[in-house]
Structure formats: C-alpha cells, structure tokens
There are 2 protein chains.
Amino acid sequence: MTVVSQDLSTTSYALLGLLALDGTSSSLTGYELKQRADRTLRFYWVSPAMSQVYTELDRLARSGLVSATAEQTGRRTSQRYQITGTGIEVLQSWLNSSAADFPILKHPTALRLLMGALVAPDRLRRLLQDYLDQLAERRTDLASVRTMLGDEESLRYPAMVADWGLGYYDSEAGIVRELMERLPGY
Amino acid sequence: MTVVSQDLSTTSYALLGLLALDGTSSSLTGYELKQRADRTLRFYWVSPAMSQVYTELDRLARSGLVSATAEQTGRRTSQRYQITGTGIEVLQSWLNSSAADFPILKHPTALRLLMGALVAPDRLRRLLQDYLDQLAERRTDLASVRTMLGDEESLRYPAMVADWGLGYYDSEAGIVRELMERLPGY
DNA sequence: TGTAGCATGTAAGCCGTTACATGATTGA
DNA sequence: TCAATCATGTAACGGCTTACATGCTACA
C-alpha cells in the first residue's frame, strides 16, 4: 500500500517538514511550530501567520498526516502535534515526485530602482542603503541560526540551507554596493 | 495641491510603473502591458495573470491614475491605457515615502533541501541539477532583455535592475555548485 | 471554412493576512 | 492586582489564480 499525493499547499508541506525535522518522537504545539518557522522557514519561504499555523495543523490532523494529543490547561484545551508515519511517506513522495518550481522573488527595492528615473538620485542611494542595512540585520539572524546548527551530521541539510542563505545575502550586498557606484552623481 | 497615497497594492504600483516607463505619450493595451510584465517584471516581482492586468487597469482608470481610450474592432471594444500626470505623482509619492519591505523569497528547491534527510542523495543531486538548468534558462532570457536595454541613458535604471538579476542568477549557480559537492557520496 | 492563436473580459475559488475574541501566566 | 506576554483559536476580507465565455484574425 502506497500513499499517494494529498495535494497540499507548499506551505503545508513546509510545516509538515518542520515537524519531520523533529521526528516522530517529539511533539510541538502550534505556537512552538510558529517559532520554528520564524527562525528558519522565513529565510527561504514564508513564515505563515499564527492563525494559519493553527488551521493547517488542524487540516493535517484531519488527513492523518500528523497526530494530535489534547492537553488540558485550566479551562482551556490545547493540542500537541507530531508527524505520523503516513505524514513522512506523503512528504517523501512529494520530495521525490514533484518538480520544484522556480523560486518566486518579490523584491520591492529592485522594483523601485526600476522606476529610478522618477525620483532624485539621493532617494535611490537611500533606498539601496536601507536595503543594505536590512540585509545586514537578516544576515546576523541567519548567522546565529547557522551557529546553532553546528556541524552535527543530523543537521547537515538545514545547515546547508542556512549556508545557502548566507551566501545569498552576501552576494546581494556585493551587487548592491556595485549598483550604488553606478548611481548618477556618485 | 498634492496627491496623497492612494493605497494601491504593490502589484498595482508595478503595473503603473511599467506604464510610466512608456511615458505619457504612448499607450498600451492590457495585452501589451502583460507582455512587458512577462518580459521584465517577472524577474524580481510577479507577472500578474492576464485577468488581473485587466482588472487592475480598470481600477487605475477609475482612480484617474491612467486614462483609457476606447478602440472599436468589429463588434468588440477594447481599451488603450496611458499614465496620467496624477498617476506619475502618485507613483513618485510612493517611491519617496514608503520604506521598502525586505524581499520575499519562495524557494521550493531550498525548501526541499531542508528535508534532504528524508530522501536519497541521488534525488537531491537531481533536484539541485534541475535548479541549475532552470537558472541557466532564466539567465538566458534575462540576458536578452539586458542586451535590448543597451546603454541608453533613458534605460539606465531598467538596465541596472537587469544587471542585478544577472548577478543574482550567477551567484545562485555558484552557491548551488558548491552545495552539490557537499552532498554525501560525492 | 474551420481551427489555432490573438485578445478581452467575468466568475469562482484558494491561500493567506489582519482583526478580533478569549484565556492563562508572570512579575512589577 | 493590573499589565504585559504567552497562547489558541474564529471571522472577515484581499489579492491573485484558474476556469470559463466570447469575439476577432490569419491561414491551411
């Protein structure tokens, strides 16, 4: 018996993947999962809103890809989730079967630069400098993630992805610095 | 009298920006605008679906940011759009006022690599190779755009953005080749 | 003359966000 | 004991896509 594609959104697979990194032994609450997403997923995907994390977990649970165990805290019940065997199979079949789409980039700074002729060069310099600052901040965050991952064999792939991100940020910074020199009135 | 923010979506501003590149003299149909978007916008934003181009143009026209002139072709009427003075002002105020958000990247290949432990290393090699192929194709497309832009002063900023994209693709290719060497069993 | 491609839209629906409601916990 | 923070959800809505409907044009 093979489990076939369940036709989830990529974000669902991403969340399922985060649960898979934790394995079948440990369980996470929606809140904790959101924290993982904020820490890792946001660098190369999108960290979904808290509300969506809860909705997706509920859907995954209904499909049997994760199992939920209820916890009572005072008057309120909450859920802890962990990936099931079926969940892992579905994830593997997604990883093996589907061709990965080309990345989608939404780059507000590049978009603004495109219309550079409409504004003063000073404004463009400022725009690019702001982007460099944002890049530096992101890079710091990602570097700390990378440090935490260390060189443990079990974290090999997350570490590779983090290195990818660091390389990307460094490349962006280099490109932007070159572009700044090409601004008129430099 | 100053025109203040009209609270458009970024995609609206992007389309308005494409019309601005054409200036107040020439006019475009929805179909032609979509072609421009496919050719340039898609590299660092998203080229909206045909249907959305029409809807956005209609909205922009209703706000007075573009002007529409009807054309009769047989039994069917169609519209040609050009940016208005107000449209340019709104675009400039957007460029000058708002802080650009950090780019959003949705990178299916990186996402899959994160879960690399769940699949065979061969599959990962294949995944990364596919991405390299996609990159090469994209790069070719963008390079031809860059060539068309030449070094005319009036196309300075579009050319800078195109160079940005080329640098990005080259950097990605380099990073991915390094990552492939780190795959187990290389 | 009929079919493939060019062109213009409308309708339905998905994915994901922000806003809102509510409860538990901690510490000033 | 009150405010801030942690935590769990539901509701409303927006942006964008795919599917669909329709007409025009060129040419085999």
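Heavy-atom basis, side chains included; hydrogens, waters and symmetry copies ignored. We name chains A, B, ... by the order of the sequence lines, and we start the count at 1 in each one.
Rounded to whole angstrom, the span from the CD atom of B/Gln72 across to the C1' atom of D/dT25 amounts to 16 Å. Computed from coordinates, the B/Glu71 CD to D/dT25 P distance equals 11 Å when rounded to whole Å.
Heavy-atom nearest nucleotides on DNA chain C were determined for A/Glu56 and for B/Gly30, and the one closer to the 5' end corresponds to B/Gly30.
For the contact set between residues 45-53 of chain B and DNA chain D, defined by any heavy atom under 4.0 Å, the members are B/Val46, B/Ser47, B/Pro48, B/Ala49, B/Ser51, B/Gln52.
Shortest non-hydrogen contact noted between B/Leu118 and A/Ala20 is CD1-CB, 4.1 Å. In terms of heavy-atom proximity, A/Thr109 sits nearest to B/Trp164 at CG2-CH2, 4.1 Å.
For B/Trp45, the ring pair (Phe, Tyr, Trp, His ring centres under 6.0 Å) criterion is met by no residue, not counting sequence neighbours. Applying the side chain to side chain contact (heavy atoms under 4.5 Å, CB included) criterion to A/Arg76, with sequence neighbours excluded, gives no partner residue. Scanning for salt bridge (Lys or Arg N to Asp or Glu O under 4.0 Å) contacts around A/Arg126 gives A/Asp130, with sequence neighbours left out. Legend: residues meeting salt bridge (Lys or Arg N to Asp or Glu O under 4.0 Å) with A/Asp101, ordered by chain and number and at least two apart, are absent. A/Tyr168 meets the ring pair (Phe, Tyr, Trp, His ring centres under 6.0 Å) test with B/Tyr168; sequence neighbours excluded. Residues satisfying the salt bridge (Lys or Arg N to Asp or Glu O under 4.0 Å) criterion with A/Glu32, sequence neighbours excluded, are A/Arg80. Here A/Arg59 pairs with A/Glu56 under the salt bridge (Lys or Arg N to Asp or Glu O under 4.0 Å) rule; sequence neighbours left out.
Pairs engaging residues 46-95 of chain B under the ring pair (Phe, Tyr, Trp, His ring centres under 6.0 Å) rule: B/Tyr13-B/Trp94 [sequence neighbours left out].
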(message) side chain to side chain contact (heavy atoms under 4.5 Å, CB included), that's the test. Do B/Ser97 and B/Gln92 meet it? Break it down for me.
(response) CA-CA 8 Å; B/Ser97 70; B/Gln92 283 173 327; over 6 Å; no
(request) For the pair A/Tyr131 and A/His107, evaluate ring-ring contact (aromatic ring centres under 6.0 Å, His included) and give the outcome as yes or no after the intermediate values. (result) CA-CA 10 Å; A/Tyr131 179 48; A/His107 205 311; 4.9 Å; yes
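One distance of note links OG of A/Ser47 with CG of A/Leu41; it measures 6.0 Å at 0.5 Å rounding.
Direction change of the helix axis from one end of the helix from C/dT1-D/dA28 to C/dA28-D/dT1 to the other is 10°, with five pairs defining each end axis (rounded to 10°).
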(request) Encode nucleotides 2-7 of chain D as B, S and - characters from 5' to 3', where the letter depends on protein heavy atoms closer than 4.0 Å: B to the base, S only to sugar-phosphate, - to neither. (result) ----SB
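Scanning DNA chain C 5' to 3' for nucleotides with an atom closer than 4.0 angstrom to a non-hydrogen atom of chain B gives a first and last hit of C/dC6 to C/dT10.
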